Number of protein chains: 2
Amino acid sequence: MTEKYLSRPEEILLLAVWKLRENAYGLAIRNFIQEMTGKYWSVGAVYVPLERLENRGFLKSHTSDPKPERGGRRKRLFQLTRAGLRELDELNRINAVLWQDYRRLRPEENT
Amino acid sequence: MTEKYLSRPEEILLLAVWKLRENAYGLAIRNFIQEMTGKYWSVGAVYVPLERLENRGFLKSHTSDPKPERGGRRKRLFQLTRAGLRELDELNRINAVLWQDYRRLRPEENT
DNA sequence: AGTATGTTCTATGGCATAGAACAAATAGGG
DNA sequence: CCCTATTTGTTCTATGCCATAGAACATACT
């Protein structure tokens with residue numbers, strides 16, 4: 001394979017990190033994604049690939065200080081690396097190409 | 001999981017079948033996809049998931065008559081089922097939601 | 001203690017991917 | 001006219017990695 005692209009879960013996770021900005025930690029990402037997609041995501045389905053994305057260099061993380069709230073534990077905050085951003089741009093480009101005709105020729109209806 | 005969505009290769013394959021219409025058979029799909037994505041796809045990376053998509057009810061196929069051309073063998077022509085189309089619509093919808101902010105807030109540049 | 005928020009750990013099955021093997025049609029030189 | 005080479009196409013199957021689930025663990029407040 002020339003160079004593999006991101007899987008769908010990985011794409012969604014990176015986008016979530018991008019959107020949540022300084023508040024991108026595991027559970028927040030999970031909630032966010034569940035709302036966006038309308039589907040259930042197990043805890044593992046979030047944390048495991050996040051780890052992998054960090055190892056591959058698309059994300060970096062650091063641990064926050066605990067907050068004085070009920071259950072306010074330290075959080076592991078994620079951030080896109082330059083490579084991660086580049087990857088999103090690339091995906092965005094490919095997506096646009098892939099879907100352009102479909103969007104144009106197949107409006108709302110669903111039959 | 002509420003109901004799993006298509007993987008990226010599956011998404012790309014369905015879109016290719018949709019675009020190629022009455023000419024959607026294995027090798028044509030492969031060529032098409034390689035051009036669209038600019039990446040190498042092995043034969044297996046095309047046929048194996050096509051099979052799976054048919055088993056799951058997103059595609060149906062029939063065998064064409066052989067053509068009187070060099071190597072003009074029977075082809076296995078694929079077609080989207082109603083469920084397959086529905087799935088593409090659904091993906092299209094989710095994609096739009098996922099990417100809308102990114103597209104708006106992050107134009108061409110890549111830094 | 002009890003409850004809420006958060007992360008780590010680890011097992012399992014399924015999918016992605018590669019590429020050899022197989023099949024069948026025509027071309028074309030002897 | 002064969003018979004072999006070439007072209008186009010599909011099937012088969014092995015391997016590793018990823019997706020996903022959920023229990024276990026950690027820690028802060030009440």
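Here the structure is a predicted model, which is why all the values come from computation and not from measurement. Here is how names work: the chains are called A, B, and so on, in the same order as the sequence lines, proteins then strands, and each is numbered from 1.
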For residues 13-29 of chain B, which side-chain N or O atoms pair as donor and acceptor with protein atoms under 3.5 Å away, sequence neighbours left out?
from    : atom 1 : to      : atom 2 : distance (Å)
B:Lys19 : NZ     : A:Leu98 : O      : 3.4

Within this structure, what is the CG-to-C1' distance between B:Asn55 and C:dG14, rounded to whole angstrom?
-> 14 Å

Interatomic distance, A:Thr63 atom OG1 to A:Leu77 atom CG [nearest 0.5 angstrom] | 8.0 Å

Whole angstrom is fine here: how far is it from CD1 in B:Ile33 over to C1' in C:dA16?
-> 13 Å

Overall bend - the helix from C:dA1-D:dT30 to C:dG30-D:dC1, comparing terminal axes fitted on five pairs, nearest 10 degrees | 10°

Roughly, in whole Å, what's the span from NZ in A:Lys39 to P in D:dA19?
-> 16 Å

Kindly write out the residues that satisfy side chain to side chain donor-acceptor pair (under 3.5 Å) with A:Ser7, not counting sequence neighbours, or none if the list is empty.
-> A:Glu10

In whole Å, what is the span from the CG atom of B:Leu13 to the P atom of C:dA16?
-> 9 Å

Within this structure, what is the CG-to-C1' distance between B:Leu50 and C:dT17, rounded to whole angstrom?
-> 14 Å

Residue pairs, two or more places apart or on separate chains, that pass ring pair (Phe, Tyr, Trp, His ring centres under 6.0 Å) and touch residues 43-65 of chain B | none

Numerically ordered, the residues 20-31 of chain B set in heavy-atom contact under 4.0 Å with DNA chain C is none

Could you tell me whether the phosphate oxygens of D:dA21, OP1 or OP2, come under 4.0 Å of any side-chain nitrogen or oxygen in A:Ser42?
-> yes

Looking at A:Ala45 and A:Pro49, what are the two nearest heavy atoms and their distance?
-> O-CG, 3.1 Å

Given C:dT17, D:dG9, D:dA19, the nucleotide with the shortest approach to the side chain of B:Pro49 = C:dT17

Rounded to the nearest 0.5 Å, the NZ atom of B:Lys60 sits from the CD atom of B:Glu54 at a distance of 10.5 Å

Would you kindly give the CD-to-C1' distance between B:Gln34 and C:dT17, to the nearest whole Å?
-> 13 Å

Using a 4.0 Å cut-off on protein heavy atoms (strictly under), produce a 5'-to-3' string for nucleotides 25-30 of chain C with B for base contact, S for backbone-only sugar-phosphate contact, and - for none.
-> BBS---

Might you work through the salt bridge (Lys or Arg N to Asp or Glu O under 4.0 Å) test for A:Asp89 and A:Arg86, ending with a clear yes or no?
-> CA-CA 5 Å; A:Asp89 282 339; A:Arg86 215 181 308 123; over 6 Å; no

Gap between atoms CG and P, on B:Leu53 and C:dG14 respectively (whole Å) | 16 Å

Applied to residues 23-32 of chain A, the salt bridge (charged side-chain N to carboxylate O under 4.0 Å, His left out) test, sequence neighbours excluded, yields none

If we only count heavy atoms from C-beta on, is the A:Leu53 to A:Glu87 side-chain gap below 4.5 Å?
-> no

Flag the pair B:Arg74 / B:Pro66 as yes when at least one side-chain heavy-atom distance between them is below 4.5 Å, and no otherwise.
-> yes

Fellow cluster residues of B:Val48, listed by chain then number, with links counted only when side-chain atoms sit under 4.5 Å apart = none

Would you tabulate the pairs of protein nitrogen or oxygen atoms and nucleotide nitrogen or oxygen atoms of nucleotides 8-12 of chain C closer than 3.5 angstrom?
from  : atom 1 : to      : atom 2 : distance (Å)
C:dT8 : OP2    : A:Arg76 : NH1    : 3.1

Of all residues at least two apart in sequence or in a different chain, which pass the side chain to side chain donor-acceptor pair (under 3.5 Å) check with A:Arg93?
-> A:Glu90

With sequence neighbours excluded, residues passing side chain to side chain donor-acceptor pair (under 3.5 Å) with B:Glu51 | B:Arg76

Check the distance between D:dC18's C1' and A:Tyr5's OH and give it to me in whole angstrom.
-> 15 Å

Report yes if at least one side-chain N or O of B:Ser7 is closer than 4.0 Å to OP1 or OP2 of C:dA16; otherwise report no.
-> yes

Among all residues two or more places apart in sequence or in another chain, which pass the side chain to side chain donor-acceptor pair (under 3.5 Å) test with B:Asn92?
-> A:Arg103

